[in-house]
Asks: 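Attaching a single structure in structure tokens format; questions to follow.
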2 protein chains.
Amino acid sequence: MARQHDTSRNLSQKPQPRRSPTIADIARLAGVSPSTVSRSLAGNERIGKETRRRIADVARDLGYSVNRHARSLRMQRSGILLVLIPDIANLNYSDLLMQIDSIAHERGYDIRIGHTGVDAGRVDRQAEELFTGGIDGILLTSDYCPSSISQRLAAGEVLPVVRTLSPTAPDERIVGVQIDEEAAAFDAVSHLVKRDYRRIAHLAGSPGVLVSRLRMNGWRRALVEAGLQIPDKFIGEGFAVDDGRRAARSLMARTVYPDAVFCANDLSAYGLMAELQANGLKIPQDIAVAGFDDLSFSSLFSPPLTTVRLPRREMAEASVRYLVDLIDGKATPSPDYIPHQLIIRKSSGDRKMEYEKPGC
Amino acid sequence: MARQHDTSRNLSQKPQPRRSPTIADIARLAGVSPSTVSRSLAGNERIGKETRRRIADVARDLGYSVNRHARSLRMQRSGILLVLIPDIANLNYSDLLMQIDSIAHERGYDIRIGHTGVDAGRVDRQAEELFTGGIDGILLTSDYCPSSISQRLAAGEVLPVVRTLSPTAPDERIVGVQIDEEAAAFDAVSHLVKRDYRRIAHLAGSPGVLVSRLRMNGWRRALVEAGLQIPDKFIGEGFAVDDGRRAARSLMARTVYPDAVFCANDLSAYGLMAELQANGLKIPQDIAVAGFDDLSFSSLFSPPLTTVRLPRREMAEASVRYLVDLIDGKATPSPDYIPHQLIIRKSSGDRKMEYEKPGC
DNA sequence: TTGTACGCGTTATCAA
DNA sequence: TTGATAACGCGTACAA
């Protein structure tokens, strides 16, 4: 029985958002024990039909919802996946993130974001929570891997960690979901060859990153198979828009221009195109361009950019599924390559074609 | 004393990632009580110098890190902010999100993302955690507000909820951090007028959204003040790229073209420009274009897009600070408008100017 | 079918 | 300066 006369406490307490209902509250009002409420709300237990209804009613009336921290503490399981992303404001990652979020949700998980590009120390701390129960698993999307993770991996522990997007394995033991980067680059460059471009330069990514080497290898192999000459130097390096701009300037400083450029990603291709166009060069008439990623803006540029479409949806799906299986302790076979696709747009138009460019 | 001979349990247990150290473990090894460990690790308590050192050493050796769920449960405080975002893959939001994340971190908070555009029911459930201790506060970035929040707000409760980016208040009681949308639109259109454009059309946003009405008002007012005719119809509606494309087609179906279009946001301006250019129209010679948002790609288009820069960094900073103050129960004055800025680029180039377009 | 008792890891209060 | 104790809200083994 509540003591009806003890109003002093109510009067003295601050206007704090009053405590939200717990299963104990429901139990009291429904005239059952807390454990019965817990079981009933969990669903799949043997509970009296009438009891179940009464509990459900009270819970609804009270606006009950479970305290996730209490549950996580008790269950030693949080239902949270940590996704490590270098840069949310990069469309390649944010698009992937959206897919991951939606698929994780289908599997009953929420995601937290670890911003590796901004503050690695902070991300390392977030990753530690894998061992304190704060998070259940980690999804890597770049070659960054928190030190605590790689240490334990090296010690032979099996951890719920999966990598996608990036083909780089910070540790061999981390399973990855990826495309065949080299084959994709090969396809893109071979397409340029087929369109009669002959001096095909490469805007390489970052030298230290495996994905750059793979895409470069694809480019090189395509040239070799076509019997074309391989330039001794790239026209530039880097994945950022400004790297593309810089590459364009260095390109235009030469005596002989390439007639096509295969860029390691779309972003740098944007910068390259913008700078070339700002200096009066026409794409693809003067120089053709191809990229890698297929960001949503690539179809909007004038001319729209030919590029390799990264199957982000499929990668998200496969990697989340794999990670969840790992968490559940189910052994699953290591996944195959996800199929990629070359999207041909006007930036690589056949140089001998007539363009529907009006005017001029 | 640990029973040295009780190895049976170690043998029988599965290769589970063994339990991570707790303060109890540290206490045992350091020869003190758990409470002392807790206080010492928390920092600002009166702890013996030697004791403190010993505890710190043991904690480091064990690789201890705090269990966030246990702490949150005990503290009734999670250190997590829920940010409601319609679409992470929209640069306007993802850029804002990055700023928010970084500033929230400075203030000691982590953020969780609520994807209102994808699954509103799910977001409503996430918002419920404000009352169960799962999250400490909510940051709104669109006009979407979870039902449980608006209900309690309507009931007069004071909640740690702040809105930014969107000028729409789902509820008057929610404080907002915003720019003067109407003035910004006015500035953009006035700039077009100054550049001698006379038939300035408007690609409106979504009719139901306040931000659309504000930007439209700014457009209208600028025309009125310049003594120009106000078209009886918009050339289209919507914020998406495809809405811009559609608007371009409807525009080109007319007998008299406008000579400039003020778009409610950059994304729709991208679509408009792409479609106009695909049909041989030149920007700005045939039609000038201005947008709103200043996404990072707007400087890359050819021609680069004139637009209103949304001060996302400043908005993130002010709104997070305000939210944290609200959580801490500090009364702060409602913030003023954040200053905006018009970024003038070539898409609104003076029509009488000679362009450095080569060729032709 | 339901209730009792306990523990998940932490911090706050109180007493020493 | 330190330790014992309780409590945050939940789920579950065990007993009834």
Side-chain angles (χ1 to χ4, degrees), chain A residues 16-56 58-59 62-79 128-136, chain B residues 16-56 58-59 62-79 128-136:
Chain A
Q16 56 182 323
R18 75 189 163 297
R19 194 181 58 79
S20 58
T22 71
I23 48 174
D25 298 322
I26 301 178
R28 210 172 311 118
L29 268 65
V32 294
S33 79
S35 43
T36 304
V37 175
S38 175
R39 278 179 298 231
S40 179
L41 260 29
N44 46 8
E45 297 284 337
R46 277 117 57 184
I47 299 288
K49 203 175 171 187
E50 164 59 17
T51 311
R52 178 184 296 278
R53 201 190 48 71
R54 216 166 55 241
I55 290 177
V58 174
L62 254 40
Y64 170 83
S65 63
V66 60
N67 180 314
R68 108 182 273 143
H69 299 299
R71 167 179 283 172
S72 297
L73 180 59
R74 172 62 229 238
M75 305 277 274
Q76 301 290 72
R77 217 160 183 292
S78 64
E128 287 271 341
E129 294 193 34
L130 184 60
F131 311 109
T132 65
I135 57 174
D136 292 345
Chain B
Q16 56 183 326
R18 76 189 161 295
R19 194 180 57 80
S20 59
T22 70
I23 48 173
D25 298 323
I26 302 178
R28 210 173 310 120
L29 267 65
V32 293
S33 78
S35 16
T36 304
V37 176
S38 175
R39 277 181 300 232
S40 178
L41 260 28
N44 46 9
E45 297 284 337
R46 279 116 60 186
I47 298 287
K49 204 176 169 186
E50 164 60 17
T51 311
R52 178 184 298 280
R53 201 192 47 70
R54 214 168 55 242
I55 290 177
V58 175
L62 254 42
Y64 170 82
S65 60
V66 60
N67 180 314
R68 109 181 272 141
H69 298 298
R71 167 179 281 172
S72 298
L73 180 60
R74 174 62 229 229
M75 307 269 276
Q76 303 287 71
R77 217 159 184 296
S78 64
E128 288 270 341
E129 295 193 33
L130 184 59
F131 312 109
T132 63
I135 57 174
D136 292 345

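Within every chain, numbering begins at 1; the chains are lettered A, B, ... in the order of the sequence lines, protein sequences first and strands thereafter. All figures in this text were calculated on a predicted structure; none of them were measured in a lab.
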Asks: Check the distance between C:dG9's P and A:Asn67's CG and give it to me in whole angstrom.
Replies: 16 Å
Asks: Starting at CZ of A:Arg68 and ending at C1' of C:dC8, how long is that distance when rounded to a whole Å?
Replies: 17 Å
Asks: Take atom CZ of B:Arg53 and atom C1' of D:dT2, then tell me their distance rounded to the nearest Å.
Replies: 18 Å
Asks: With side chains defined as the heavy atoms from C-beta onward, is the minimum distance between B:Asn67 and B:Thr22 less than 4.5 Å?
Replies: no
Asks: Figure out the CE/P separation between A:Met75 and D:dC10, and round it to whole Å.
Replies: 12 Å
Asks: Looking at CZ of A:Arg74 and CG of B:Leu73, how far apart are the two atoms once the value is rounded to the nearest 0.5 Å?
Replies: 13.0 Å
Asks: What integer distance in Å separates A:Ile23:CD1 from C:dA5:C1'?
Replies: 14 Å
Asks: Checking the side chain of B:Arg68 only, and the main-chain atoms of A:Gly134 only, is there a donor and an acceptor separated by less than 3.5 Å?
Replies: no
Asks: Rounded to the nearest Å, what distance is computed from the CD atom of residue B:Glu50 to the C1' atom of nucleotide D:dT2?
Replies: 15 Å
Asks: Within the structure shown, what part of the strands sits under 4.0 Å from A:Thr51 by heavy-atom distance: base, sugar-phosphate, or nothing?
Replies: sugar-phosphate
Asks: Between A:Arg52 and A:Gly43 (side chain of the first, backbone of the second, donor and acceptor by atom type, cut-off under 3.5 Å), is there such a pair?
Replies: yes
Asks: Do B:Tyr64 and B:Val58 touch side chain to side chain, with heavy atoms closer than 4.5 Å?
Replies: no
Asks: What integer distance in Å separates B:Arg52:CZ from D:dT1:P?
Replies: 10 Å
Asks: A:Arg74 has an atom CZ; how far is it from atom P of C:dT10, in whole Å?
Replies: 16 Å
Asks: Using a cut-off of under 3.5 Å, enumerate the N/O to N/O pairs linking the protein to nucleotides 3-5 of chain D.
Replies:
| unit_1 | atom_1 | unit_2 | atom_2 | d |
| --- | --- | --- | --- | --- |
| D:dG3 | OP2 | B:Ser33 | N | 2.9 |
| D:dG3 | OP2 | B:Ser33 | OG | 3.2 |
| D:dG3 | OP2 | B:Thr36 | OG1 | 2.5 |
| D:dG3 | N7 | B:Arg39 | NH2 | 2.9 |
| D:dG3 | O6 | B:Arg39 | NH1 | 2.8 |
| D:dA4 | N7 | B:Ser35 | OG | 3.4 |
| D:dA4 | N6 | B:Ser35 | OG | 3.2 |

Asks: Do B:Thr132 and A:Val66 have side chains that get closer than 4.5 Å, going by heavy atoms?
Replies: no
Asks: Counting N and O atoms only, with roles assigned by atom type, does the side chain of B:Asp136 sit under 3.5 Å from a partner on the main chain of B:Arg77, one being a donor and the other an acceptor?
Replies: no
Asks: Quick one: is D:dG11 close enough that its OP1 or OP2 comes under 4.0 Å of any side-chain N or O from A:Gln76?
Replies: no
Asks: Counting side-chain heavy atoms from CB outward, which of D:dG11, C:dT11, D:dG9 is closest to A:Ser38?
Replies: D:dG11
